[in-house]
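For reference, the structure is listed below as structure tokens.
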Amino acid sequence: MRPDYYTGRRTIYKFRVHKLKSEFQIPAEFHYTKEHEWVHVEGADCRIGVTDYAQNSLHEIVYVDLPKVGAKVAQMQSLGTVESVKAVADVYSPISGVVLKVNSELSDAPELVNKSPYEKGWITIIRPDDLKKDLPSLMTPEAYRDFVKKITEKK
């Protein structure tokens with residue numbers, strides 16, 4: 001059983017992973033990839049970032065390579081990278097579309113991805129090509145929670 005936590009108007013699901021002794025936030029209104037990106041539909045556009053699990057796994061993020069505004073991206077195409085003291089990870093686009101905006105604050109403060117992966121640490125906003133086609137291939141919050149739970153139980 002998982003408790004619901006509320007942050008403003010957003011429902012956040014938290015669950016304890018006993019092996020890692022960590023809690024991961026999984027907002028209810030988002031969709032997720034198996035590569036640990038999230039997408040939040042905001043009217044005609046979609047905000048994209050990496051999940052709490054991803055930032056926790058990477059540890060201290062020191063650099064974010066942002067996509068170019070105006071770039072056309074395909075679903076699961078690399079948007080850029082997130083670099084930590086441990087590793088460099090590709091960030092894949094959960095949807096197809098055109099990059100409208102990037103979070104330029106990450107250039108000077110990449111640690112925002114660690115501190116606030118769903119709010120201040122977002123990476124880009126994309127104008128989607130076809131959400132009806134892309135969203136069904138993504139995971140619901142419950143499916144993503146179960147996915148992360150299976151991964152962490154193997155460790």
Side-chain angles (χ1 to χ4, degrees), residues 1-62 64 66-67 73 75-97 99 101-103 105-106 109-126 128 130-155:
M1 176 179 283
R2 69 179 182 277
D4 289 349
Y5 292 83
Y6 296 93
T7 306
R9 293 181 284 137
R10 183 175 293 158
T11 302
I12 304 286
Y13 293 116
K14 289 189 179 185
F15 64 98
R16 181 162 295 283
V17 178
H18 296 288
K19 291 201 179 227
L20 293 181
K21 294 183 172 52
S22 297
E23 286 187 356
F24 302 104
Q25 295 182 359
I26 302 175
E29 300 85 9
F30 292 28
H31 292 83
Y32 301 88
T33 70
K34 289 185 177 182
E35 287 73 26
H36 309 288
E37 291 86 16
W38 56 262
V39 60
H40 184 242
V41 179
E42 300 175 351
D45 302 326
C46 294
R47 190 175 302 262
I48 293 168
V50 298
T51 66
D52 190 29
Y53 173 80
Q55 70 77 22
N56 185 279
S57 297
L58 287 166
H59 296 288
E60 185 183 339
I61 294 174
V62 295
V64 179
L66 298 167
V73 295
Q75 186 177 36
M76 300 318 295
Q77 173 186 338
S78 179
L79 288 170
T81 58
V82 176
E83 185 175 333
S84 74
V85 293
K86 284 180 67 174
V88 176
D90 278 307
V91 177
Y92 297 98
S93 181
I95 59 168
S96 297
V99 175
K101 185 176 180 182
V102 296
N103 187 353
E105 286 185 49
L106 297 179
E111 67 277 4
L112 289 174
V113 175
N114 292 115
K115 293 177 181 176
S116 181
Y118 300 110
E119 291 159 352
K120 294 180 182 176
W122 59 275
I123 293 174
T124 188
I125 296 176
I126 291 179
D130 189 353
L131 279 181
K132 288 182 183 179
K133 178 183 169 206
D134 291 343
L135 288 183
S137 64
L138 302 175
M139 289 185 274
T140 65
E142 295 79 15
Y144 183 69
R145 182 200 66 219
D146 293 343
F147 178 70
V148 171
K149 192 172 182 180
K150 284 179 188 173
I151 292 170
T152 56
E153 286 174 352
K154 290 179 185 177
K155 291 185 177 182

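Not measured: the values here are computed from a predicted model.
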For the residue pair [X] and [Y], establish whether any side-chain heavy-atom pair is separated by less than 4.5 Å.
| X | Y | value |
| --- | --- | --- |
| N103 | V64 | no |
| V91 | T124 | no |
| V39 | S93 | no |
| S96 | D130 | no |

ask   = Where do I95 and I48 land on the side chain to side chain contact (heavy atoms under 4.5 Å, CB included) test, with the steps shown first?
value = CA-CA 9 Å; I95 59 168; I48 293 168; 4.1 Å; yes
Indicate the atoms forming the closest heavy-atom contact of [X] with [Y], along with that distance.
| X | Y | answer |
| --- | --- | --- |
| A89 | L58 | CB-CD2, 4.0 Å |
| L112 | E105 | CD1-OE1, 3.8 Å |
| W38 | V50 | NE1-O, 3.0 Å |
| A54 | H36 | CB-CB, 3.7 Å |
| I123 | P67 | CG2-CD, 4.2 Å |
| P128 | A44 | CD-O, 3.1 Å |

query = Hey, does the side chain of T81 reach the backbone of E83 with a donor-acceptor pair shorter than 3.5 angstrom?
reply = no
State which residues pass side-chain hydrogen bond (donor to acceptor under 3.5 Å, both in side chains) with [X]; sequence neighbours excluded, sorted by chain then number.
| X | answer |
| --- | --- |
| S137 | Q75 |
| N114 | Q55 |
| S78 | D90 |
| T51 | Y144 |

Residue pairs passing the salt bridge (Lys or Arg N to Asp or Glu O under 4.0 Å) test where at least one lies in residues 44-55, sequence neighbours excluded = E42-R47, D45-R127
Would you please name every residue forming a side chain to side chain contact (heavy atoms under 4.5 Å, CB included) with [X], sequence neighbours left out?
| X | result |
| --- | --- |
| K115 | E111 |
| K34 | M139, F147 |
| E35 | T33, E37, M76, Y92 |

Rounded distance (nearest 0.5 Å) linking atom [atom1] of [X] with atom [atom2] of [Y]:
| X | Y | atom1 | atom2 | value |
| --- | --- | --- | --- | --- |
| R145 | E142 | CZ | CD | 6.5 Å |
| C46 | D134 | SG | CG | 8.5 Å |
| Y53 | T152 | OH | OG1 | 6.5 Å |

inquiry  = Under the criterion side chain to side chain contact (heavy atoms under 4.5 Å, CB included), I'd like the reasoning laid out for Y118 against E29: C-alpha separation, chi angles, the key distance, then a yes or no.
reply    = CA-CA 11 Å; Y118 300 110; E29 300 85 9; over 6 Å; no
query = Quick one: ring pair (Phe, Tyr, Trp, His ring centres under 6.0 Å) partners of H31, sequence neighbours excluded?
reply = none
key: E60 atom CD, over 12 foreign heavy atoms within 6.0 Å   = no
